[in-house]
Structures are given as C-alpha cells and as structure tokens.
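As the structure is a computational prediction, the values presented were derived from the model and not from experiment. Sequence lines set the chain letters: A, B, ... in the order given, protein chains first and strands last, and positions in each chain run from 1. Excluded from the calculations below are hydrogen atoms, water molecules and symmetry mates; all remaining heavy atoms, backbone and side chain alike, are included.
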Amino acid sequence: MIGDCSDPAALEGAAWMLCYLTTPKHMNFYWSFLTVLGLLAVTVPFIMAFGLAGAFAKRARLAPVRWLGALYTTMVRGVPDIVFFLFVPIALDQGIEYLRHRVLCPDMVGPVWVGNDFVVCPAAKAPLSTASAFVHDLYGFALAVVAYAIVFGAFAANVIDGALRAVPKGQVEAAEAVGMSPGQIRRRIVLPQMWVYALPGLSNLWMILVKATPLLFLLGIEDIVYWARELGGMKTQAFDYPHPDWRLWYFGALMIFYLLLTWVSQIGFERLTARASRGMAGAR
Amino acid sequence: MWKTIEAAGIAAILAATAGAAAAQTVRMGTEGAYPPYNFINDKGEIDGFEREMGDEACKRAGLDCVWVKNDWDSIIPNLVSGNYDTIIAGMSITDERDEVIDFTDPYIPPSPSAYVALAGQDVDLSGGVIAAQTSTIQAGHIAETGATLVEFATPDETIAAVRNGEADAVLADKDYLEPIVNESGGELVFVGGDVPLGGGIGMGLRESDGELRAKFNAVIAEMKADGTLNAMLAKWFTENTPKW
C-alpha cells in the first residue's frame with residue numbers, strides 16, 4: 001500500500017519515510033546487496049579451483065610446476081590485497097584491449113600508449129563504448145571475480161596444501177598396498193579426508209572474503225558500502241528528499257547485514273565440518 | 001525546378017550522413033557527489049548543472065552521450081586509460097592537471113571558493129585544521145596557507161567533518177557551499193572572504209583526443225553566445241554566481 005509519492009515535499013512522517021525508502025535510488029541500494037551475495041556465490045568456485053590448482057602445483061613432481069605454485073602463493077600472499085585489486089583489473093582490461101586492438105585494427109600502426117593516454121581503436125574497446133550500461137557492469141563484475149579468485153586462491157592454496165599434508169601417511173600407504181594408482185589415491189583417499197583439515201582455514205578465509213567485498217567499489221562496482229555512503233550523506237533541497245547526515249543509520253544497517261551473513265556462514269561451516277568428519281577416526 | 005530538387009536531394013543525403021556520423025558514442029565521466037554541479041538524484045540518475053549542460057552540448061555536437069560514474073580520486077587515471085572519454089565533474093582548469101590531460105574552454109567562469117565554519121566560533125584560517133576534498137585546488141591552497149589540511153574522499157564528508165568538530169572549517173567551491181549554508185538554519189556560516197582559485201571549470205579530455213575537444217569547444221562557444229549557459233547557471237546556482 002505505497003501511497004502517492006509524486007510530491008515528496010507535501011509528505012510527512014511515516015508516509016515520507018515510506019516514499020523515501022522506496023525511491024529508485026534506494027532500489028539500487030537494495031539491489032547491491034544481491035550484487036555482493038552474487039559475487040560471493042560466483043567467486044567461491046573459482047577460489048577453490050585456484051586453491052586446488054595451487055596446492056597440487058606446490059606438491060607436483062615436476063620442479064618448474066612446483067616453482068610456479070610456490071611463486072604464485074608467495075607473491076600474492078606477500079602483496080597487499082588492495083594493490084592486487086587495483087592492479088589485476090587494470091592489467092587485464094588493458095591486456096584484453098591491447099590484444100583486440102592488434103587483431104581487430106591491424107591498419108592502425110600508431111603506438112597504443114600516447115604519452116599518458118592508453119588509446120586503442122574504438123572497435124577494440126572492451127566492452128564497446130556503445131554497449132549498454134549493463135554490459136559494462138557485467139564486464140567490471142567479471143574482472144572483479146578474477147581479481148578475488150587470484151588473491152583468495154593463493155590463501156586457499158596454502159590452506160589446502162597444509163590439509164593435504166595432514167592426511168595420515170598410513171592411509172596413503174595402505175592405499176598403495178592394495179594397488180591403487182596415484183590418481184586413485186588422490187581421488188578416493190586424500191581429497192575426501194583433506195576437507196576436515198582444510199575447513200577451519202577455509203572458513204577463516206570465507207569470513208575475510210565477506211568482509212573484503214567493500215573493496216568492490218575500487219573496481220567501479222557500486223556495492224552496499226558505496227550506496228550507504230551516498231544515500232546517508234546530507235542532502236540539500238536539490239534533492240527530492242532532503243535530510244541531514246544519516247550515515248550512522250545506513251552504516252548501522254550494514255553492520256547488521258554483515259553480522260547476519262557471518263553468523264549464518266558459521267552455522268553452515270559447522271554443518272559442513274560435521275558432514276566431512278563422518279566416519280573418520282579421531283575426528284569429532 | 002530541377003535545381004531545387006537536386007539541392008533538396010543533396011541536403012537530404014548530407015543530413016542522412018550527418019545522422020550516421022552522430023553515432024559516435026562519447027562516455028561522460030562524472031563524480032555524482034557534488035550538488036548542484038553533479039549528483040545522483042532520487043531516481044538514481046545523474047542530475048545537476050553538468051548533466052543538463054552536457055546533454056545539451058552533446059545534442060548540439062551530434063554526439064551520442066552516455067553517463068558514467070567514477071569516484072573523484074581515480075577520475076583522471078580512468079580517463080587516460082580509456083574507461084570514458086570526458087571528465088565533466090566540476091573540475092577546475094589548472095596547469096598541474098593540464099600536464100596530464102587537456103581541457104576544453106571553461107563552461108563555468110572562474111568562481112570563488114570560500115571557507116565555512118560552525119557559527120560563533122573563532123577560526124584561525126591560516127593555522128587551524130581545514131577540511132577539503134582530496135586532489136582539489138582547495139586542498140592545494142590550504143597546503144600553501146600553513147593551515148593543517150585534512151582531506152576527504154567526498155565533498156559531503158568535508159562538511160560532516162566541520163559539523164562534528166573534526167575540522168575547524170572547510171574550503172570548497174562557494175557554489176557548492178551556498179545551499180548548504182543557507183539550509184543549515186544558522187548552524188554554518190561563511191568565514192573570511194572569498195578566495196579566488198582556479199581558471200574556471202572545463203571538461204577534461206585525453207590529450208590525444210583533439211578532435212573531440214574541438215567539437216566541444218565549438219559547442220561551448222555557441223552556448224555562451226546564445227545565453228544558454230547563463231540560463232543554466234542561473235537555474236542551478238545562486239544569483240551571485242559569475243555569468244558569461
């Protein structure tokens with residue numbers, strides 16, 4: 001029963017508040033909660049893939065692969081997250097545009113870097129200038145997913161590496177004794193048992209990931225913190241709904257959201273741990 | 001008779017090709033946090049003086065313009081790396097910025113900056129704590145006066161800093177401060193005199209984009225001449241705002 005919001009200046013009290021909280025701008029704010037949850041849902045499989053790949057690379061028999069794994073985890077874990085979040089999307093974006101420029105505009109021989117400017121032909125822009133705002137958002141979102149996957153994958157690789165080492169030697173020896181191949185041992189014995197040891201570390205990582213989502217705004221994606229700051233700021237008569245500085249309320253709402261999210265995740269991780277421990281000797 | 005038909009035909013073809021050329025898409029980068037220059041209105045759209053002025057300029061130049069939001073801190077780096085094609089965000093023309101990017105002719109004449117503080121307080125403008133937005137001409141000016149500069153990412157936070165006592169005063173464009181002071185119910189007042197800063201506000205463009213710059217310069221000159229810009233300035237700013 002949303003009333004008539006066409007003349008905000010005439011409204012008062014609850015009616016004003018109801019209209020205020022349902023402006024299209026607020027809808028963007030509510031939508032951004034889904035963006036954050038969507039990012040988490042999309043990124044986690046990539047983080048696990050990077051983590052597993054990194055962990056197995058670190059334990060590979062081939063020395064160069066091992067070095068690559070060690071280089072990845074050491075380098076990414078040693079550089080501040082924020083530097084990577086700034087570096088990876090820009091490097092990826094310019095890399096993609098440079099390649100497209102070379103392929104799509106072979107007649108343009110001029111340099112791509114002109115002084116301060118990075119100039120590619122219009123057809124090589126990613127996404128194209130003519131693309132809709134939605135495509136631009138999606139592109140930014142994809143770059144963000146890659147950045148998060150690279151950074152958090154390195155931490156996950158270390159956690160998984162440690163968990164793989166923690167699987168009792170006797171289990172592997174027994175599997176060898178019954179004639180399983182290395183691949184079979186990995187699939188049937190090591191990976192299923194590894195989770196019990198990996199879950200505490202991964203749950204830590206998940207909490208940090210949840211709290212790292214406000215970094216999204218660095219990548220040009222309007223996340224909940226951006227909208228809270230924008231909506232909460234003092235508004236003059238230039239706006240339909242002028243109000244004083246309300247950031248405290250907006251940030252308070254965010255606090256509740258993050259607490260709820262981490263609380264629900266904790267319950268989820270407890271269930272996962274219980275499931276992974278089924279039938280394991282010594283586990284709780 | 002034939003002459004007229006011929007001429008009409010040529011005119012039609014010219015108009016059609018002009019229409020095709022108009023398909024060039026220009027991405028306009030703005031901050032969206034600096035009313036009344038540019039802000040996000042309650043519909044969630046970019047609004048303000050620069051939105052109206054930019055849309056009119058694009059229409060006259062036959063450009064297809066799209067608006068893009070970017071925070072102030074990274075607004076120049078993201079222009080030169082090609083995320084958008086213009087900066088239209090209340091950016092004053094300065095020599096320092098001109099080394100990195102190019103500017104069109106100003107569309108807002110040089111207008112004063114001013115200090116605002118809480119009413120009834122004795123503020124030391126050359127020795128106190130003064131707030132300003134990061135990377136603005138006002139921040140540069142405070143650094144030269146000997147006052148302690150505290151920088152904030154958004155204009156709104158500089159005002160909040162004065163209200164909660166974190167800073168003694170804020171230095172910003174007077175056109176931005178005036179509505180805030182007027183609506184504060186006497187809580188905030190202007191202190192000291194006006195401070196003339198900057199060489200007017202222009203659109204920022206990549207240095208390699210000379211063609212686009214020429215297009216916008218032509219349109220800005222036209223809008224100055226026919227009074228459109230003055231009408232827009234009068235609509236969005238106060239009567240004290242300098243006009244063309």
Side chain / backbone / both / neither for [X] at chain B, heavy atoms under 4.5 Å:
X        : answer
A:Asp245 : side chain
A:Asn28  : side chain
A:His26  : neither
A:Gln237 : both
A:Phe29  : neither
A:Trp113 : neither

B:Lys174 charged N/C atom sitting above B:Phe190 aromatic ring, 6.0 Å / 45°: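 Positive - B:Lys174 is close enough to the ring of B:Phe190 and near enough to its axis.
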Contact leader toward chain A among B:Ala33, B:Pro179, B:Ser81, where contacts are heavy-atom pairs under 4.5 Å: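 With the most close heavy-atom pairs to chain A, the winner is B:Ser81.
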Count the heavy-atom pairs under 4.5 Å between each of B:Gly44, B:Gly48, B:Ser184, B:Pro35 and chain A, then report the option with the highest count.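 Top count of heavy-atom pairs under 4.5 Å with chain A: B:Gly44.
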Are the side chains of [X] and [Y] in touch, meaning some heavy atoms are under 4.5 Å apart?
X        : Y        : value
B:Ile159 : B:Leu188 : yes
A:Pro45  : A:Phe50  : no
A:Thr73  : A:Phe155 : no

Contact part of [X] toward chain A, heavy-atom cut-off under 4.5 Å: side chain, backbone, both or neither?
X        : answer
B:Glu183 : side chain
B:Ile101 : neither
B:Glu99  : backbone
B:Asp42  : both
B:Arg27  : side chain
B:Phe39  : side chain

Would you please classify the geometry between the A:Trp16 ring and the A:Tyr241 ring as parallel, tilted or perpendicular, with 30° and 60° separating the classes?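 Correct class here is perpendicular.
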Do [X] and [Y] have ring centres separated by under 6.0 Å?
X        : Y        : result
A:Tyr148 : A:Phe85  : yes
B:Tyr176 : B:Tyr37  : no
B:Trp72  : B:Phe152 : no

Stepwise ring-ring contact (aromatic ring centres under 6.0 Å, His included) check, A:Trp246 with A:Tyr20: CA-CA 13 Å; A:Trp246 280 355; A:Tyr20 171 70; 5.7 Å; yes
